[in-house]
Structures are given as C-alpha cells and as structure tokens.
Amino acid sequence: MFTTLNLLSEILSPAHICPYDQACSYLDSAAKELKLDPNLITILSHPRRAITVSIPIKLDNGDVQVLVGHRVQHCNVLGPYKGGTRYHPAVTLREISALAMLMTWKCALLGIPYGGAKGGITLNPNHYSVGELERITRRYTSELINDIGPAVDIPAPDVGASAREMAWMMDTYSVNVGHAVPGVVTGKPISIGGSLGREMATGRGAMIMAREALALHGKTIADAHIVIQGFGNVGSSVALLLHQAGAKILAISRSSGGIFSEAGLDIPALKAYADLHNKELVGFPGSVQISNQDLLVLPCDVLIPAALENQITAENVSRVEASIIVEAANGPITLEADRALESQGVMVLPDILANAGGVVASYLEWVQGLSYLFWHEERVNREMEGLMVEAFQKVMKQSKAQQTPLRLAAYALAVGRVAQAIKDRGLYP
Ligand code: NAD
C-alpha cells in the first residue's frame with residue numbers, strides 16, 4: 001500500500017487538467033452560489049481516504065502479473081461510503097477520486113444516507129479469462145477487507161464489472177469474516193440477496209429523467225427521437241425501456257463503433273444480435289454504421305451519453321444538435337463544453353441526477369439486505385421512481401428560483417446538504 005500523503009498530493013497537484021480538477025471546479029461553483037465558508041470547501045475538496053493496492057495474480061499460463069487497484073472514499077458525513085467499481089484500462093487515481101466526489105453529491109441530492117466512494121482496477125477485462133478475473137476480484141477485495149463493509153463502504157458494479165464480480169466480492173468478504181454478509185456490496189445476483197430491479201435501475205432512472213425533461217418540452221417518450229452512446233448495462237437498459245415506451249432510437253454505439261437507422265432500431269432484436277456477436281452492433285440488419293463522433297452530433301430530441309467521461313468536448317460541442325442531454329454516464333461533458341451547451345440552449349440533466357437510479361436501487365437493495373426482507377420488483381421501481389422524480393422537481397425549482405443551469409442547481413442542493421451535515425456534526429477533534 002502506498003502512502004496516502006503521496007497519493008493525495010498526486011490527486012491535488014495543480015499541474016494537470018484532470019477529472020479531479022473538473023469535479024472541484026463544480027464544487028467551487030456550488031460553494032460560490034451558496035456563499036459557503038471557505039473552510040468547508042477545503043474539507044470537501046479533499047477525499048477522506050485514498051487507498052491504492054497491488055493486485056498480484058497468477059495468470060492461466062502460470063506467469064504472475066501485478067495490477068493496480070484503487071478505492072477512494074470521499075466523504076462519509078451522511079452515512080457509509082457508497083460507489084461503483086470500475087474495470088477499465090484508463091482507470092487512474094485521479095479519475096476514481098473525481099468519481100468518488102460525484103457519488104457524495106449524488107447520494108446527497110437524492111436524500112439517501114450514504115457518502116461517496118469509488119473503486120477501480122486498471123485493466124482491460126477482455127484480456128483476461130473468467131478464472132483470472134475471479135482471482136483479480138478476490139485479491140482486490142481481500143486487499144480492501146478492512147476498508148469495506150455494510151456499515152463502512154459498499155461497492156457496486158461500474159464500467160467493466162457486473163453482478164458476477166459483486167458475487168465474488170461478497171463471497172470473499174463473507175469467507176473472511178466467517179458469515180454471509182449480503183450488505184457488503186450491491187448490484188449482486190438475486191440468488192445471494194440482490195434486489196429485483198437493480199440491474200435495469202440506472203437505465204430506468206435515466207428513462208424517467210428523459211420522460212420528465214421531454215414533458216417540459218411538451219413531448220412524450222412516444223414522440224421522441226433518441227440517440228444513445230454506449231450499449232453496456234446502462235445504455236442497453238435505457239434503450240430497452242425507451243423503446244418499450246414507444247421512442248424511436250435512431251442510433252446506438254459501443255466502443256468499437258455504432259449503428260444508425262432512420263426508421264428506428266428494434267432494441268430487443270439488437271440485444272439478441274449483440275449477444276450472438278460478441279457485443280458488436282455493427283452489421284445489425286436494417287442499420288448503417290456510424291462513428292461515435294458522428295453519433296454525438298445527430299439531430300435528436302434526447303442524446304444519452306452512457307459510456308465514459310469527456311465525450312462532448314470543446315471540439316464537438318458546437319455541432320451537438322440534441323435539445324436535451326441526459327448524462328447517464330458520469331462526466332460525459334467537459335467543463336468547457338458544458339458552458340457552451342448552456343449558451344446553445346441545450347437542456348442538460350446532470351449526471352448526479354440523471355444516473356442516480358442505480359445508487360437509489362442499490363440503497364433499496366442494501367435496506368432489504370440489512371432487514372432480510374425482500375420486495376417485489378414493482379415496489380423497488382416505485383420507490384426509486386418516487387425519489388428520482390422528487391429530486392428532478394427540486395432541481396427544477398432551485399434552477400428557476402436562482403436562475404442557474406440545472407447542473408449548478410443540483411450541485412447547490414447536494415453540496416448544501418453535505419455542508420450542513422458537516423456544520424451540525426462539527427470538526428473532530
Ligand atoms: P458497461 O461497461 O456495462 O458499458 C459501457 C459501454 O460503453 C459499453 O457498451 C462500451 O463498449 C461503451 N463504450 C466505452 N467507450 C466508448 C466510447 N468511446 N464510445 C462509445 N461507447 C463506448 O458500463 P455501465 O455500467 O453501463 O456504465 C456506463 C456509464 O454509466 C459509466 O460512466 C458509469 O460510471 C455510469 N454509471 C453506471 C451505473 C451502473 O449502475 N452500472 C450507475 C451510475 C452511473
């Protein structure tokens with residue numbers, strides 16, 4: 001384990017433009033709006049803990065490889081840390097630190113009793129066998145064994161990870177403490193205490209946000225033309241739900257390329273096609289190939305980035321033609337592009353609101369796990385929808401009252417809640 005001091009100085013070094021700087025810049029804007037005490041900003045702009053671990057694993061060919069994993073715990077003033085675990089070659093401590101801070105705001109905005117955290121391993125999961133991925137996940141979990149737990153920090157899946165990895169994490173933790181602990185992770189399989197509705201929850205939340213935003217434009221989902229970047233957990237769920245509600249999905253992409261159909265894509269058929277073709281979308285009957293760059297600038301009612309950070313940038317923002325952007329991914333719009341979209345009159349539903357369906361359903365899963373009482377899917381969906389719509393309305397009200405963009409309104413609500421909790425709890429010692 002490296003020293004936290006070195007890691008924090010790496011995260012906070014002013015020398016680079018990095019995701020953490022971008023996250024701090026949104027915090028600063030909210031703090032200015034709220035006229036927050038600068039001492040509170042100092043506290044909130046530092047993650048409470050940053051843990052980096054070596055993950056030595058034996059490959060199937062007998063060689064040993066050492067991977068690097070992180071877990072950053074930003075703030076736990078409102079409750080246990082909560083956040084996903086990312087398996088991606090571009091994972092860095094800075095990225096994970098930024099995402100941990102976003103989680104703090106997301107939980108606070110939705111009014112759920114969690115703090116923010118995020119984890120990640122720098123690897124391309126496609127380059128490892130299932131057995132290797134299991135050994136990587138188990139070793140990563142065991143390196144973090146004293147830092148996670150149902151009352152401490154509760155991981156969930158993020159890019160490149162799924163219910164399968166959560167089952168391995170839950171099992172590793174449980175074996176180490178000597179009894180089954182379903183509440184240590186969320187997003188796990190139903191067979192071991194996962195919640196009905198969790199798998200589709202982030203996509204469902206994004207669909208609800210698209211529906212509410214369209215209603216403000218006098219439209220319904222059934223009238224809408226939609227473009228989606230990413231066809232993983234979030235992208236495929238939101239696509240399916242919007243398709244079921246009658247939307248025309250014009251284009252969808254994944255990392256290796258996208259597809260377009262003027263008539264609209266049949267999403268269940270596309271999902272079946274991708275399952276048969278190693279996740280590839282290109283070649284789907286009735287569609288033509290489109291690049292990710294061209295997809296982002298297609299004319300549409302709603303653009304849903306559901307892949308990775310920094311997709312809409314200063315370079316392509318002026319060509320964006322969507323009326324509404326629902327940030328299903330975390331941080332898909334850079335700071336500069338965000339300002340440009342505001343002046344272009346594009347309604348942007350910020351990530352801390354738009355993709356919060358996942359953490360809300362995770363919270364409901366954790367509550368069910370702690371109480372050993374499991375709910376029907378309708379109840380999970382209903383409770384999640386209630387919290388999402390309430391947060392949407394609060395953000396709209398704040399934005400209208402303060403004449404601020406939706407992102408700033410959402411941040412002001414979230415940061416204000418966390419700041420108040422810090423003030424009420426006081427600074428120890
Ligand atoms: P995933 O790994 O299941 O899917 C990611 C998808 O993005 C894949 O289809 C991949 O091919 C595609 N992709 C990657 N790079 C791309 C690129 N440059 N252009 C186009 N497509 C690209 O991940 P996920 O869980 O669906 O997460 C997607 C986003 O949603 C991430 O930003 C994640 O942090 C965010 N998010 C996820 C959840 C969740 O519950 N899984 C919750 C909140 C937020």
Side-chain angles (χ1 to χ4, degrees), residues 19 82-91 95-96 98-100 102-103 105-107 110 116-121 123-126 155-166 185-188 194-195 197-206 209 227-240 251-259 270-271 274-275 277-282 290-296 303-313 316 326-333 349-365 384 388:
K82 182 86 190 85
T85 308
R86 181 170 288 200
Y87 287 27
H88 194 273
V91 159
E95 178 195 53
I96 297 299
L99 292 168
L102 275 193
M103 284 304 296
W105 313 138
K106 201 178 295 184
C107 296
L110 271 289
K118 200 81 178 185
I121 304 177
L123 87 171
N124 184 337
N126 300 324
D158 191 70
V159 174
S162 65
R164 180 183 67 178
E165 283 72 16
M166 293 308 106
V185 292
T186 59
K188 56 195 172 289
S195 176
R198 170 61 184 91
E199 203 182 349
M200 300 281 283
T202 309
R204 184 176 296 280
M209 294 299 96
V227 168
I228 301 173
Q229 185 195 40
F231 200 59
N233 173 290
V234 180
S236 65
S237 309
V238 71
L240 190 63
I252 297 196
S253 63
R254 67 180 300 266
S255 49
S256 56
I259 53 169
L270 178 60
K271 212 160 176 336
D275 287 345
H277 293 84
N278 199 21
K279 300 187 191 167
E280 288 304 333
L281 310 178
V282 176
I290 187 169
S291 72
N292 262 300
Q293 280 313 311
D294 289 343
L295 172 136
L296 292 171
L303 170 63
I304 307 184
L308 289 175
E309 295 94 287
N310 302 335
Q311 299 301 305
I312 302 174
T313 64
N316 61 8
V326 175
E327 288 189 323
N330 284 308
I333 301 175
L349 295 193
D351 46 12
I352 61 169
L353 173 65
N355 67 33
V359 76
V360 172
S362 277
Y363 164 60
L364 300 174
E365 177 179 333
M384 191 267 277
M388 291 295 291

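As the structure lists them, so they are numbered: ligands from 1, and atoms in each ligand from 1. None of the values given here were measured: they were computed from a predicted structure.
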**OP:** State the CG-CD distance between L99 and E95, to the nearest 0.5 angstrom.
**Re:** 5.5 Å
Original post:
Just one of I333, L349, L353, N355 clears the side-chain contact (heavy atoms from CB on, under 4.5 Å) bar with E327, so which one?
Top reply: I333
Original post:
Closest non-hydrogen protein atom to atom 18 (N) of ligand 1, residue and atom name please, with distance?
Top reply: Q311 OE1, 3.9 Å
Subject >> R198 to ligand 1, any heavy atom closer than 4.0 Å >> reply: yes
Subject >> Atom indices of ligand 1 within 4.0 angstrom of S253 heavy atoms, with elements >> reply: 20 (C)
Subject >> Polar contact flag for V234 and ligand 1 (N/O pairs, less than 3.5 Å) >> reply: yes
Original post:
Nearest heavy-atom pair of A354 and V326: which atoms, and what distance?
Top reply: CB-CG1, 3.7 Å
**OP:** Tell me which part of A328 gets within contact of ligand 1: side chain, backbone, both or neither, using heavy atoms under 4.0 Å.
**Re:** backbone
Original post:
Are R86 and ligand 1 in contact, using a heavy-atom cut-off of under 4.0 Å?
Top reply: yes
**OP:** Mind listing the closest non-hydrogen atom pair of E280 and S256 along with its distance?
**Re:** OE1-OG, 2.7 Å
Original post:
Should the proximity of N233 to ligand 1, defined as any heavy atom under 4.0 Å, be assigned to the side chain, the backbone, both, or neither?
Top reply: both
Original post:
Identify the closest protein heavy atom to atom 27 (O) of ligand 1: which residue and atom is it, and at what distance?
Top reply: V159 CG2, 3.6 Å
Original post:
Does K279 offer a backbone N or O that forms a donor-acceptor pair with the side chain of R254 under 3.5 Å?
Top reply: yes
Original post:
Can you check side chain to side chain donor-acceptor pair (under 3.5 Å) on E165 and S162, steps first, answer last?
Top reply: CA-CA 6 Å; E165 283 72 16; S162 65; 2.9 Å; yes
Subject >> From Y363 atom OH to M384 atom CE, the distance as rounded to the nearest 0.5 Å >> reply: 14.5 Å
Original post:
To the nearest 0.5 Å, what is the distance between CG (N292) and CD (Q229)?
Top reply: 4.5 Å
Original post:
So which protein heavy atom does atom 40 (O) of ligand 1 come closest to, and at what separation?
Top reply: T202 OG1, 2.7 Å
**OP:** Mind checking whether R254 contacts ligand 1 via backbone (N, CA, C, O), side chain (CB onward), both or neither, at a 4.0 Å heavy-atom cut-off?
**Re:** both
**OP:** Please identify which atoms of ligand 1 are closer than 4.0 Å to at least one heavy atom of N292.
**Re:** 19 (N), 20 (C)
**OP:** Please indicate whether any nitrogen or oxygen in N330 is less than 3.5 Å from any nitrogen or oxygen in ligand 1.
**Re:** yes
**OP:** Quick one: look up the protein heavy atom nearest atom 33 (C) of ligand 1 and list residue, atom name and how far away it is.
**Re:** D158 OD1, 3.1 Å
Original post:
ligand 1 versus E199, non-hydrogen atoms closer than 4.0 Å: side chain, backbone, both, neither?
Top reply: neither
Subject >> Top protein contact for atom 9 (O) of ligand 1, by heavy-atom distance >> reply: F231 N, 3.0 Å
Subject >> Geometric N/O contact G160 with ligand 1, under 3.5 angstrom >> reply: yes
Original post:
Where the closest heavy atom to atom 28 (C) of ligand 1 is concerned, which of G232, G230, S255, A307 has it?
Top reply: A307
Original post:
Between NZ of K188 and CD of E199, what distance do you get to the nearest 0.5 Å?
Top reply: 13.5 Å
Subject >> Separation of S253 OG from L295 CG (nearest 0.5 Å) >> reply: 4.5 Å
**OP:** Provide the closest heavy-atom pair for L281 versus A274 in the form atom of the first, atom of the second, distance.
**Re:** CD2-CB, 3.9 Å
Original post:
Does ligand 1 have an atom under 4.0 Å from some heavy atom of A306?
Top reply: yes
